[in-house]
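For this chain, numbers begin at 1 and follow the sequence in order.
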Amino acid sequence: MEFSAKQIAELIQGHVEGNEDALIHTFAKIEEGKEGAISFISNPKYAHFLYETKSSVVIVNEDFQLERPVSATLIRVKNAYESVARLLQFYESMKPKKKGIDTLAFISPTATIGEDCYVGAFTYIGEKVSIGKNCQIYPNAYIGDGVTLGDDCIVYPHAVIYHGCKIGSRVILHSGSVVGADGFGFAPGANGYDKIPQIGIVTIEDDVEIGANTCIDRSTMGSTIVHRGVKLDNLVQLAHNTEVGEHTVMSSQVGVAGSTKIGSWCMFGGQVGISGHITIGDKVWFGAQSGVPGSVKGNQQLIGTPPMEQVPYFKSQAIFRRLPDLYKRLCALEDEIKTLKQQES
């Protein structure tokens with residue numbers, strides 16, 4: 001399917017600079033551009049590729065300044081990255097969706113499946129499961145007894161939803177993700193650790209995306225809750241009884257210990273570790289590998305272990321690298337002072 005630069009510009013509310021009849025039929029990175037492709041520039045360090053790219057159309061920000069003429073047609077928009085995201089969403093929506101139930105899938109007679117759903121081969125859907133309309137359940141997915149899914153959900157191969165969990169609409173579970181496994185609850189005893197039964201569930205609200213091999217544990221009692229709009233990368237761990245606020249995002253290998261409450265619109269970099277039984281306020285940003293041992297108030301940008309504001313942190317790191325030299329100088333000064341005191345006496 002082909003689109004002209006003019007059609008694309010109308011879709012993303014941009015302005016064409018060049019040949020508005022230029023045709024595109026695919027996407028390409030700016031450095032790998034080819035004829036018939038559309039690319040974009042949002043990061044200035046990639047700007048030099050614009051002058052040699054073979055892409056037919058390139059999306060740029062309105063304030064982008066050309067250093068010399070370009071062969072590509074430009075579409076100027078307020079935010080190039082957001083515009084490309086909108087185009088990719090449109091492109092994805094154009095793909096045909098699978099429908100129908102494979103004869104090799106197992107579906108309990110007590111389960112209900114909404115209209116226009118797809119259920120792949122070797123999928124297991126347990127007793128009294130309720131699945132909304134337009135859902136895509138790919139092969140080898142497991143949906144346990146009593147689970148509910150809303151409309152327009154996607155469950156990729158080998159994703160697992162344990163019994164009783166509640167999933168909202170437009171939720172995406174990527175391959176290997178596990179929702180509702182037991183929380184890590186054990187009581188030390190004379191002969192080892194006694195398992196504490198985890199009798200709660202996991203509740204995932206609308207428009208949440210769960211990355212591959214990410215695990216969200218069921219609560220001891222009540223529910224582990226992931227509120228609407230949350231996006232979790234691959235290999236994220238949410239322990240039992242945690243609560244994650246709306247539109248919070250977590251990068252890969254973030255770990256959140258049990259009974260922690262996280263606010264809305266937070267951003268956690270890779271490998272951030274959050275201690276249990278604490279509260280994180282709204283709009284908190286943690287840099288990668290931060291370790292958070294206690295509660296944090298909202299509207300802060302922090303990094304490090306324990307986390308601190310960015311400027312003091314980077315100043316501290318600069319000093320830390322100089323510690324061996326500073327230690328030698330300190331020892332030399334101590335020796336010098338000791339010598340002076342001996343001479344005075």
Side-chain angles (χ1 to χ4, degrees), residues 1-100 102 114-120 133-139 151-157 169-175 206-209 211-212 229 231 233-234 249:
M1 185 177 295
E2 286 187 329
F3 295 91
S4 68
K6 181 180 179 181
Q7 289 173 316
I8 296 295
E10 289 174 352
L11 182 65
I12 59 177
Q13 298 178 329
H15 170 70
V16 177
E17 191 173 292
N19 179 16
E20 64 178 18
D21 295 322
L23 296 177
I24 64 101
H25 58 82
T26 189
F27 292 85
K29 296 191 291 186
I30 186 72
E31 64 270 31
E32 299 174 358
K34 57 185 178 181
E35 187 175 351
I38 185 169
S39 303
F40 77 102
I41 296 174
S42 63
N43 191 324
K45 71 180 183 180
Y46 291 94
H48 65 281
F49 288 113
L50 176 63
Y51 305 101
E52 55 193 59
T53 188
K54 292 182 170 55
S55 289
S56 300
V57 177
V58 179
I59 300 172
V60 298
N61 290 331
E62 289 178 345
D63 57 359
F64 182 84
Q65 298 293 322
L66 289 176
E67 296 177 358
R68 58 182 186 272
V70 297
S71 59
T73 294
L74 303 183
I75 299 179
R76 293 187 179 271
V77 294
K78 290 182 179 179
N79 187 310
Y81 193 77
E82 288 182 1
S83 295
V84 169
R86 197 184 317 162
L87 273 183
L88 289 170
Q89 290 168 0
F90 175 74
Y91 174 77
E92 190 71 14
S93 70
M94 298 287 288
K95 291 182 179 180
K97 291 185 177 181
K98 292 185 176 183
K99 295 182 181 180
D102 195 288
E115 297 178 354
D116 298 323
C117 284
Y118 164 67
V119 180
K133 61 185 180 181
N134 299 318
C135 289
Q136 303 277 292
I137 315 296
Y138 284 85
D151 299 334
D152 302 298
C153 291
I154 302 175
V155 181
Y156 282 106
S169 295
R170 299 174 301 282
V171 172
I172 300 174
L173 298 177
H174 285 280
S175 295
D206 298 345
D207 301 303
V208 170
E209 184 159 350
K231 312 298 181 187
D233 197 1
N234 304 332
V249 295

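Checking side-chain atoms of Tyr138 against main-chain N and O of Ser175 turns up no donor-acceptor pair under 3.5 Å. Using modelled atom types, no side-chain atom of Lys99 and backbone atom of Val119 make a donor-acceptor pair closer than 3.5 Å. Side-chain atoms of Asp151 come within 3.5 Å of backbone N or O of Lys133 as a donor-acceptor pair. Under the 3.5 Å distance criterion, the side-chain polar atoms of Gln136 are matched with a main-chain donor or acceptor of Lys98. Listed for the Thr53 side chain is no donor-acceptor partner under 3.5 Å among the backbone atoms of Phe49. A donor-acceptor pair is defined here as one N or O able to donate and one able to accept, closer than 3.5 Å; such a pair exists between the side chain of Asn79 and the backbone of Tyr81. Side-chain atoms of Ser4 do not come within 3.5 Å of backbone N or O of Asp21 as any donor-acceptor pair. Within the 3.5 Å criterion, the main-chain N or O of Val57 finds no donor-acceptor partner in the side chain of Ser55. Between the side chain of Asn19 and the main chain of Thr73, no donor-acceptor pair closer than 3.5 Å is present.
Considering only heavy atoms from C-beta on, Thr26 comes within 4.5 Å of Lys34 through its side chain. In this structure, Val16 and Leu74 have side chains that are not in contact, with every pair of non-hydrogen atoms separated by 4.5 Å or more. Counting heavy atoms from C-beta on, the side chains of Ile137 and Tyr118 never come closer than 4.5 Å. Side-chain contact between Ile38 and Leu87 is present, with at least one heavy-atom pair separated by less than 4.5 Å. Residues Asp152 and Ser169 are not in side-chain contact: their nearest non-hydrogen atoms beyond the backbone lie 4.5 Å or more apart.
Heavy-atom minimum distance, Pro69 versus Tyr51: O-CD2, 4.0 Å. When all heavy atoms are compared, the tightest approach of Lys231 to Asp207 is NZ-O, 2.8 Å. Of all heavy-atom pairs between Ala80 and Asn61, the closest is N-OD1, 2.7 Å. Taking each heavy atom of Ile41 and Ala47 in turn, the nearest pair found is CD1-CA, 4.0 Å. Minimum interatomic distance between Ala28 and Ala37 (heavy atoms only, all atoms of both residues): CB-CB, 3.7 Å.
Here the OG atom belonging to Ser39 is positioned 9.0 Å from the CD1 atom belonging to Ile59, to the nearest 0.5 angstrom. Leu23 CG to Glu35 CD: the interatomic distance, rounded to the nearest 0.5 Å, is 10.0 Å. Taking CD from Glu10 and CD from Glu20, the interatomic distance works out to 9.0 Å, rounded to the nearest 0.5 Å. The CD atom of Glu31 sits 6.0 Å away from atom OH of Tyr46, with the distance rounded to the nearest 0.5 Å. Between the CG atom in Leu50 and the CD1 atom in Ile30 there is a gap of 5.5 Å [rounded to 0.5 Å]. Here the straight-line distance linking atom CD1 of Ile154 with atom NE2 of His174 works out to 8.0 Å at 0.5 Å rounding.
When the shell of 6.0 Å around CD of Gln7 is examined, it contains more than 12 heavy atoms from other residues, nucleotides or ligands. Crowding of Phe64 atom CZ: a count of heavy atoms from other residues, nucleotides or ligands under 6.0 Å exceeding 12. Heavy-atom neighbours of Glu2 CD from other residues, nucleotides or ligands within 6.0 Å: above the threshold of 12.
A salt bridge links Arg170 with Asp206: the distance from a Lys NZ or Arg NE/NH1/NH2 to an Asp or Glu carboxylate oxygen falls below 4.0 Å.
Residues satisfying the side-chain hydrogen bond (donor to acceptor under 3.5 Å, both in side chains) test with Glu17, not counting sequence neighbours, are Arg76. Residues meeting the ring-ring contact (aromatic ring centres under 6.0 Å, His included) test with Phe27, sequence neighbours left out: Tyr91.
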Under the side chain to side chain donor-acceptor pair (under 3.5 Å) rule, what do Glu62 and His15 come out as? Steps first, then yes or no, please. CA-CA 9 Å; Glu62 289 178 345; His15 170 70; over 6 Å; no
